[in-house]
There are 2 protein chains.
Amino acid sequence: MLAMETRWLTREELAAWVRLAAVLELLPGRLDQQLRRDAELTNFEYYVLAMLSEAPERTLRMTGLAAQTNATLPRLSHVVRRLEERGLVERFPCADDARATNARLTAEGWRTVQESAPGHVATVRELVVDALTPEQVAQLKEITDALLQRLDPTGRMSDVYRRHDEPA
Amino acid sequence: MLAMETRWLTREELAAWVRLAAVLELLPGRLDQQLRRDAELTNFEYYVLAMLSEAPERTLRMTGLAAQTNATLPRLSHVVRRLEERGLVERFPCADDARATNARLTAEGWRTVQESAPGHVATVRELVVDALTPEQVAQLKEITDALLQRLDPTGRMSDVYRRHDEPA
DNA sequence: AGGCTTTAGTTGTTGCTACAACTGAACCCT
DNA sequence: AGGGTTCAGTTGTAGCAACAACTAAAGCCT
């Protein structure tokens with residue numbers, strides 16, 4: 001490890017970082033809390049179902065689903081198994097590639113997504129969107145975009161949505 | 001549950017939220033990764049040590065430490081026990097209130113914080129601060145401030161830092 | 001065709017967090 | 001002073017995530 005001069009954070013940088021760290025600590029728990037309470041779903045499970053619900057045929061290969069949700073394959077495998085046990089998802093072998101497995105949303109899974117989406121959106125509004133001015137929302141988009149270029153340069157996660165946000 | 005019209009997110013709001021959600025998912029893992037690799041500490045353990053290192057006498061009561069780190073008391077209790085087993089922290093009963101327990105950073109704990117801070121700061125720079133323009137850093141501070149008013153209205157977490165950021 | 005490497009996914013183990021139950025000290029009230 | 005309530009913290013249990021090891025199919029190479 002090369003010993004180099006540490007560039008400490010300036011007052012302004014520290015203020016921004018400390019607040020961001022607090023948000024990082026608090027927000028996921030709140031989202032989880034609402035979903036567990038109202039839909040008996042973890043935040044991660046909700047996103048898995050949401051990704052499936054927007055996919056063609058409501059079906060995705062495990063690998064693709066893992067990329068979109070930033071999950072490792074083992075993690076996804078466990079989660080999908082539990083969702084399958086609850087009847088929200090079903091798995092079946094891929095016709096083209098016998099190594100691959102497809103996950104598909106069941107009718108009940110679809111219903112679950114429909115029912116839980118409004119509450120989830122309301123929470124996102126309450127805790128994030130409605131706390132900001134429209135100008136700040138635009139700024140937040142630019143800022144998170146910049147961060148994602150560092151965090152996820154290949155755009156595994158964000159590409160999923162770019163379809164919706166930026167059809168151009 | 002009152003059935004009310006769902007206010008869905010606009011295109012711009014969705015774009016901002018989706019990116020923020022991705023950051024929420026990716027950033028904590030990266031911070032954890034660096035600290036585990038270079039200092040054998042979780043992000044949360046690091047913050048516990050950091051809070052202690054800035055406290056008078058490098059000592060805090062468990063309850064106060066829990067508030068500053070957004071931990072429940074049981075969670076903190078487990079974490080401090082492990083840190084104590086590693087010799088980074090020591091616990092002793094509070095003289096004023098026999099119900100209370102103080103946690104104090106040991107010399108080795110202090111050394112650990114000193115050694116791991118530069119690497120942590122470098123990571124924060126790399127993934128966050130240096131990805132943004134100075135203007136964006138200022139915007140991020142305002143935005144996260146607004147979010148924290150919803151997430152943490154009493155300022156349990158953020159008050160800790162306000163001393164440093166905004167001495168006024 | 002036979003064998004090596006890569007890819008896709010599952011299964012098993014360990015560690016941490018959330019939740020609940022518990023102990024004991026402090027406070028309050030008459 | 002005595003009895004009930006609140007407060008501070010610990011301990012025990014259950015569930016999820018990270019990591020490692022494993023199985024099986026596909027691709028490649030000669």
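Computed from heavy atoms alone, side chains included, the values below leave out hydrogens, waters and symmetry copies. Here is the naming used below: chain letters follow the sequence lines, and residue numbers restart at 1 for every chain. Because the structure is a prediction, the values reported are computed rather than measured.
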### Message
In whole Å, I'd like the distance from the CZ atom of B:Arg37 to the P atom of D:dC19.
### Response
12 Å
### Query
Any N or O donor-acceptor pair linking the side chain of B:His78 to the base of C:dG15 at under 3.5 Å?
no
### Query
How long is the line joining CZ of B:Arg30 and C1' of D:dA18, in whole Å?
16 Å
### Task
Remember a base hit wins even if backbone is also touched, and classify B:Ser77 as base, sugar-phosphate or nothing at under 4.0 Å, heavy atoms.
base
### Task
For the pair B:His120 and B:Tyr47, name the ring-plane relationship: parallel under 30°, tilted 30 to 60°, perpendicular over 60°.
perpendicular
#### Entry: Whole angstrom value for the distance that separates C1' of D:dC16 from CD of B:Glu25
13 Å
### Task
Between A:Ala98 and A:Val79, name the one whose nearest nucleotide on DNA chain D is closer to the 5' end.
A:Val79
### Task
Mind calculating the distance between CG (A:Leu83) and P (C:dT10) to the nearest angstrom?
13 Å
### Query
Whole Å only: how far is the CZ atom of B:Phe44 from the C1' atom of C:dC16?
11 Å
### Message
Between C1' on D:dA18 and CD on B:Gln33, what's the gap in Å once rounded to a whole number?
### Response
11 Å
### Message
A quick test of your reading: do over 12 heavy atoms of other residues, nucleotides or ligands sit less than 6.0 Å from CD of A:Glu135?
### Response
no
### Query
Just wondering, more than 12 heavy atoms not from B:Glu57 lying within 6.0 Å of its CD?
no
### Message
Taking only side-chain N and O atoms of B:Arg82, does any of them lie within less than 4.0 angstrom of OP1 or OP2 on C:dC16?
### Response
yes
